[in-house]
Amino acid sequence: MIITPPGFEPAHQLALDDDAIAYVFVRDALVQFGDSPGALPWKFYREVGLVAVCSHSIGRHEGRAHIAVALAEAPVDTNAPETLETWSSAPPVRQPTPAAALPEGLCAAGLRSWFGVLDDATLAIAMRAVQLVEWDRTQRFCGACGTPTQPVGNERAKRCPCCGLTAYPRIAPAMMVQVTRGRELLLGRGVNFPPGRYSALAGFVEAGESIEDAIHREVYEEVGLRVGKLRYFGSQTWPFPNSLMIAFQAEYAGGELRPDPAELADAQWFAPDALPQLPPRVSIARALIEDTIARIGG
């Protein structure tokens with residue numbers, strides 16, 4: 001389970017200088033030197049020719065500034081000169097530098113591809129970084145009137161100069177619950193899971209719901225069961241693209257198991273000594289399942 005590394009201090013006003021530790025992205029793909037995966041100072045990337053189109057401060061860790069960097073982008077229509085006048089109604093449509101065009105020695109891949117390669121501290125900070133880069137990319141225009149947004153100087157926000165709407169980095173809360181029945185664990189296999197993998201049930205919180213409301217609703221919708229005795233376990237950021245997973249344990253309280261085929265390819269009760277393939281240890285789901293097994297004496 002990935003957690004914020006000890007000693008990390010968030011900050012939203014740090015400079016991109018050569019000594020700043022940079023988390024460089026092509027859209028949502030993290031760029032790394034192939035032979036030395038890890039976070040490196042910006043000077044290493046700058047010296048091989050990379051250009052930042054924008055950067056976002058993440059915070060300080062071990063005395064160093066950590067910065068999220070989006071690579072330079074180019075207008076789709078290269079024959080149309082970019083002038084102040086062309087931006088009067090809307091910025092030109094842009095596309096990210098393709099990963100294939102990176103200098104030799106560099107590679108880019110989604111964060112899931114770096115699980116087990118990057119150390120936990122680097123991965124935790126990179127998970128913050130990708131959410132900032134994606135928030136910047138997707139909030140370039142006001143969601144109410146379509147006007148190009150402007151950064152707010154004293155906080156992590158963008159504001160519309162026309163209607164005043166302020167947009168903060170979006171966080172989508174999602175519940176996760178490990179249900180038990182005696183010494184059995186309820187695990188489901190999502191329709192998009194890798195073959196053979198099962199996990200605790202999960203789902204997004206809807207407008208007007210508490211986390212507890214969402215647990216009761218999601219469990220009933222996905223498998224037709226009622227649950228009780230909810231116990232909070234923990235939470236974890238999950239930047240795919242911007243979720244906060246809030247995990248609980250609960251006990252079976254009634255109903256017949258009826259998996260919803262739109263959500264689950266399968267759902268079963270499992271004994272602790274006969275578990276299927278589980279999620280990777282980087283996820284809170286694995287920590288939740290292992291803690292539940294320890295609680296029930298598996």
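The model shown is predicted, which means the values in this text are computed figures rather than measured ones.
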Cation-pi, Tyr168 ring and Arg156 (6.0 angstrom, 45 degrees): no

Side chain to side chain donor-acceptor pair (under 3.5 Å) partner of Gln131, chosen from Asp136, Thr237, Asn242: Thr237

Close side-chain approach of Pro276 to Leu187, heavy-atom, < 4.5 Å: yes

Residues clustered with Val219, ILVMFWY side-chain links under 4.5 angstrom: Ile171, Met175, Val177, Val179, Leu186, Leu201, Val205, Ile211, Ile215, Val223, Leu225, Val227, Leu230, Tyr232, Leu244, Ile246, Phe248, Tyr252, Leu257, Leu264, Trp269

Residue pair Cys107 / Trp114: nearest heavy atoms and the distance that separates them: SG-CH2, 3.7 Å

Closest non-hydrogen atom pair between Leu288 and Thr292, with its separation: O-OG1, 2.8 Å

Minimum side-chain heavy-atom gap Arg137-Arg27 below 4.5 Å: yes

Side-chain donor-acceptor pair present, Glu155, Thr166, cut-off under 3.5 Å: no

Flag if over 12 foreign heavy atoms under 6.0 Å of CZ, Arg64: yes

Shortest non-hydrogen contact from Pro239 toward Leu111: CG-CD1, 4.3 Å

Neighbour count above 12 (heavy atom, 6.0 Å) for Phe204 CZ: no

Results of side chain to side chain donor-acceptor pair (under 3.5 Å) for Arg226 - residues two or more places apart only: none

Exercise: identify the closest heavy-atom pair between Gly143 and Leu165: N-CD2, 4.2 Å

Arg295 vs Thr180, side-chain contact (heavy atoms from CB on, under 4.5 Å): CA-CA, chis, key distance, verdict: CA-CA 10 Å; Arg295 281 176 176 269; Thr180 57; over 6 Å; no

Contact summary for Trp42 and Asp17, nearest pair of heavy atoms: CB-O, 3.6 Å

Within 6.0 angstrom of Ile3 CD1, more than 12 heavy atoms from elsewhere: no

Asp291 and Gln249: side chain donor to acceptor below 3.5 Å: yes

N-O pairing of Arg181 and Glu251 below 4.0 Å: no

Taking every non-hydrogen atom, the tightest pair across Pro41 and Ile21: N-CD1, 4.0 Å

Sub-6.0 Å ring centroid separation between Phe193 and Tyr198: no

Under 3.5 Å donor-acceptor, Thr149 side chain and Gln139 backbone: yes

Whether His61 and Phe8 hold their rings parallel, tilted or perpendicular, with breakpoints at 30° and 60°: tilted

Non-hydrogen side-chain atoms of Glu290 and Arg281 separated by less than 4.5 Å: yes

